[in-house]
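By convention here, the first residue in the shown sequence is residue 1.
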Amino acid sequence: MDPKEIEAKLLAALPLAECYVKGEGNHFQVIAVAEMFNDMSRVKKQQTIYAPLMEEIAANTIHALSIKAFTPQQWQKEKIFNQPS
């Protein structure tokens, strides 16, 4: 599965401000940014991202999925913190 396909599915199903997917084969990493993550636990954030992809996960098209979910405010801090020196 192509990372752009996963990105498109997530953007179509969820009100995400930003979405980035990378990976190859059936192992992918997702960064999702949305206001809706504000009061969610880490588990609930992951469940929210998994939901639109369950068909692909069940078919083993996606075998491994690493998820990082941020609010827009958290994402701004994360981007600043992880910039190269």
By side chain to side chain contact (heavy atoms under 4.5 Å, CB included) - contacts of Q74 (at least two apart): K45, F70, T71

N/O donor to acceptor pairs below 3.5 angstrom from side-chain atoms of residues 35-43, sequence neighbours left out:
| unit_1 | atom_1 | unit_2 | atom_2 | d |
| --- | --- | --- | --- | --- |
| S41 | OG | K44 | N | 3.1 |

side-chain hydrogen bond (donor to acceptor under 3.5 Å, both in side chains): pairs with one or both residues in residues 7-30, sequence neighbours excluded: K9-E56, E18-Y20, E18-W75

I49 side chain near L14 side chain, heavy-atom distance below 4.5 Å: yes

Co-membership, hydrophobic cluster, residues I62 and L16, 4.5 Å side-chain: yes

In one Ile/Leu/Val/Met/Phe/Trp/Tyr side-chain cluster, 4.5 Å: L11, I6: yes

Common cluster, L53/I31, ILVMFWY with side-chain heavy-atom separation under 4.5 Å: no

F28 side chain reached by P3 side chain, heavy atoms, under 4.5 Å: yes

